[in-house]
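If you're wondering where the values come from, they're calculated on a predicted model, not measured in any experiment. Counting begins at 1 with the first residue of the sequence.
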Amino acid sequence: MKKDLRSMSLEEIKELMIELNEPAFRAKQLFEWVHKKGIESIEDISNFSKELKEKIAQNAKITCLNLKTKQVSEDGTIKYLFALEDNNYIECVLMRYRGTKSKKRNTLCVSSQVGCAMGCGFCATGLGGFKRNLTAGEILSQIYTVNNYLKIENDDLMVGNIVYMGMGEPLLNFENVLKSIRLLNELLGQNISIRRITISTCGIVPKIVDLADLNLDIVLAVSLHAPTDQLRSQIMPVNQQYPLKVLKEACIYYVKKTRRRLTFEYALVNNFNDTKEHAYVLADYLKDIFSHINLIPVNPTVTEKFQRPQRVKIQDFLEVLTSSGIEASIREERGTDIAAACGQLRGKVVE
Ligand code: SAH
Ligand code: SF4
């Protein structure tokens, strides 16, 4: 089978060029075409001879995403639905932050799996079950493809921040996710600083420990969503395997190893996890962890079971946390009108 160039590291491309009896500098050039310029076809390489391109194409290919639909939100957020080569569907979301110059940025929320096996009760991706892991090339393709659209639109900003918060559980596709991050960081590639990359996990404890041991500058976000095991297990099955106590130990270990502040996500669900009492228990849980917690009014997905609390309740919840010395904020969600916000991605073709 032909190798996908978008999944290949510089080392692997060098090996390929050695096999093809080409000099080493060609490997660097090919890497740049693939990972920096984001070409969609080997034919687009303008400084290689036709013969060389044919030789490469006999051994390798570039896997592209096929755009199925695109929806634009009132706030400028864009949700893309892509078909993969095997006709599975994934979604990714471009958030365009404007305003003051220093805050201006394009953030892409990427998928790491087709579907998700974790089955969180409030999440549209989880409802569809798990299909398969994405390759590193398929993860990167989301970024390269969106950059190509931005170029066509003459946007002066490319994607500069990546959040692994689309479909799937990134820590259960550990190798490919890490490979994609290392490739994003390559000087000859996108050259994106690892500090601009966030991985969000539902709390796969051994993988949090593994990630900590790698000691990279990745921002880790942990989806908490409830302050007690009794409540958390009701909406997040993963909590039965990795309950709050062991999760906390892993979080403290991550901070100790990386010296980076953790982010927690807490989806507020009306009459479920949103009382002041819950906030006090939560504050007690968080007080030993160097972190920031984002409160997100839950997105009603396909079931009516999960509704947002009223604004005053959310404010009261925040007030308890901040007065207990916890760093917290309410996160304004983007793209809710086009179902592009957290937990709303389904990866299904819109009928
Ligand atoms: N699997 C990873 C990353 C993808 S989900 C994780 O669970 O962290 C991205 C974020 O969306 C997570 O914080 C997840 O808990 C949150 N989320 C899922 N469904 C949601 C919903 N209906 N409302 C608000 N946030 C939701
Ligand atoms: Fe999977 Fe994250 Fe959705 Fe849970 S919230 S089902 S872990 S994608």
Exercise. Is a side-chain N or O of N273 found less than 3.5 angstrom from the main chain of A267, in a donor-acceptor match?
Worked result: yes

For this session: Tell me, yes or no, whether the heavy-atom count around K28 atom NZ, taken from other residues, nucleotides or ligands under 6.0 Å, exceeds 12.
Result: no

Problem set entry | S193 and D217: CA distance, side-chain angles, deciding distance, side-chain contact (heavy atoms from CB on, under 4.5 Å) verdict | CA-CA 9 Å; S193 153; D217 269 336; over 6 Å; no

For this session: Output yes when a side-chain donor or acceptor of N185 lies under 3.5 Å from a complementary backbone atom of I192, and no otherwise.
Result: yes

Problem set entry | Under-4.0 Å salt bridge between E85 and K61 | yes

For this session: Please say whether more than 12 non-hydrogen atoms of neighbouring residues, nucleotides or ligands are located less than 6.0 Å from CD in E74.
Result: no

Exercise. Hey, is CD on Q310 packed in by over 12 heavy atoms from elsewhere, all under 6.0 Å?
Worked result: no

For this session: Apply the test salt bridge (charged side-chain N to carboxylate O under 4.0 Å, His left out) to residues D229 and R232: give CA-CA distance (whole Å), side-chain angles for both, the deciding distance (0.1 Å), then the verdict.
Result: CA-CA 5 Å; D229 282 325; R232 194 165 188 265; over 6 Å; no

Exercise. Hey, any chance V159 and V72 share a hydrophobic cluster, counting ILVMFWY side chains that come within less than 4.5 Å of each other, even indirectly?
Worked result: yes

Exercise. Less than 4.0 Å between a side-chain N and a carboxylate O, is that true for D155 and R96?
Worked result: yes

Exercise. Using 4.0 Å as the upper bound for N to carboxylate O, is an ion pair formed by K36 and E186?
Worked result: no

Exercise. Salt bridge or not for E91 and K79, using N-O below 4.0 Å?
Worked result: yes

For this session: State plainly whether the residues K245 and E249 are in salt-bridge range, i.e. N to O under 4.0 Å.
Result: yes

Exercise. Just by modelled atom types, is the V163 backbone N or O under 3.5 Å from a matching donor or acceptor in the S200 side chain?
Worked result: no

For this session: Show your working on side-chain contact (heavy atoms from CB on, under 4.5 Å) between L157 and L150 and close with a plain yes or no.
Result: CA-CA 8 Å; L157 261 187; L150 291 170; over 6 Å; no

Exercise. Can you tell me if T145 uses its side chain to pair, donor with acceptor, with the backbone of Q142 under 3.5 Å?
Worked result: no

Exercise. Checking E138 side chain against T135 main chain: does a donor-acceptor pair fall under 3.5 Å?
Worked result: yes

Exercise. Looking at side-chain heavy atoms only, is the closest gap between L231 and H278 below 4.5 Å?
Worked result: yes

For this session: Output yes when D86 and R132 qualify as a salt bridge under the 4.0 Å nitrogen-oxygen rule, no when they do not.
Result: yes

For this session: Check the pair I78, S73 against side-chain contact (heavy atoms from CB on, under 4.5 Å), reporting the backbone distance first and the verdict last.
Result: CA-CA 6 Å; I78 305 178; S73 158; over 6 Å; no

For this session: With the side chain counted from C-beta on, respond yes when Y266 and I296 share a heavy-atom pair under 4.5 Å apart, and no when they do not.
Result: no

Exercise. Going by heavy atoms in the side chains, are K305 and F122 under 4.5 Å from each other?
Worked result: no

Exercise. What do the steps show when you test L286 against L282 for side-chain contact (heavy atoms from CB on, under 4.5 Å), and what is the final call?
Worked result: CA-CA 6 Å; L286 295 176; L282 181 61; 3.9 Å; yes

Problem set entry | Short N-O contact, D316 and R311, less than 4.0 angstrom | no

Exercise. Between the side chain of N191 and the main-chain N/O of L184, is any donor-acceptor distance below 3.5 Å?
Worked result: no

For this session: Identify the two heavy atoms, one from I314 and one from P297, that lie closest to each other, and give their separation to 0.1 Å.
Result: CD1-CG, 3.9 Å

Problem set entry | pair V269-D274: side-chain heavy atoms closer than 4.5 Å | no

Exercise. Parallel, tilted or perpendicular for F82 and Y80, by the 30°/60° rule?
Worked result: parallel

Exercise. Is the backbone N or O of A221 less than 3.5 Å from a side-chain atom of T263, with the two atoms forming a donor-acceptor pair by type?
Worked result: no

Problem set entry | Within 6.0 Å of CD in Q234, more than 12 heavy atoms from elsewhere | yes

For this session: Please check if the side chain of N59 supplies one atom and the backbone of K55 the other of a donor-acceptor pair under 3.5 Å.
Result: yes

For this session: With the side chain counted from C-beta on, respond yes when L16 and M8 share a heavy-atom pair under 4.5 Å apart, and no when they do not.
Result: yes

Exercise. Is there a donor-acceptor pair closer than 3.5 Å between any side-chain N or O of S324 and the backbone N or O of T322?
Worked result: no

Exercise. Can you find a heavy atom in the side chain of M236 that is under 4.5 Å from one in the side chain of M118?
Worked result: no

Exercise. What about V219 and I204, same hydrophobic cluster or not, with Ile/Leu/Val/Met/Phe/Trp/Tyr joined at side-chain heavy-atom distances under 4.5 Å?
Worked result: no

For this session: Spell out, as yes or no, whether a donor-acceptor pair under 3.5 Å connects the side chain of R334 to the backbone of T77.
Result: no

Problem set entry | Check: F306 ring centroid to F272 ring centroid under 6.0 Å | no

For this session: Check whether any side-chain heavy atom of L244 sits under 4.5 Å from a side-chain heavy atom of L224, and report yes or no.
Result: yes

Problem set entry | Under-4.0 Å salt bridge between R261 and E327 | yes

Problem set entry | hydrophobic_cluster_shared for L268 and I330, side chain cutoff 4.5 Å | yes

Exercise. Do I194 and I143 share a hydrophobic cluster (ILVMFWY, side-chain heavy atoms under 4.5 Å, transitive)?
Worked result: yes

Exercise. Would you call D288-K248 a salt bridge at under 4.0 Å N-O?
Worked result: yes

Problem set entry | Heavy-atom check, side chain of N47 versus side chain of Q29, under 4.5 Å | yes

For this session: State yes or no: do V146 and I338 share one hydrophobic cluster built from I, L, V, M, F, W and Y residues joined by side-chain heavy-atom distances below 4.5 Å, directly or via other members?
Result: no

Problem set entry | Other residues, nucleotides, ligands: >12 heavy atoms within 6.0 Å of R196 CZ | no

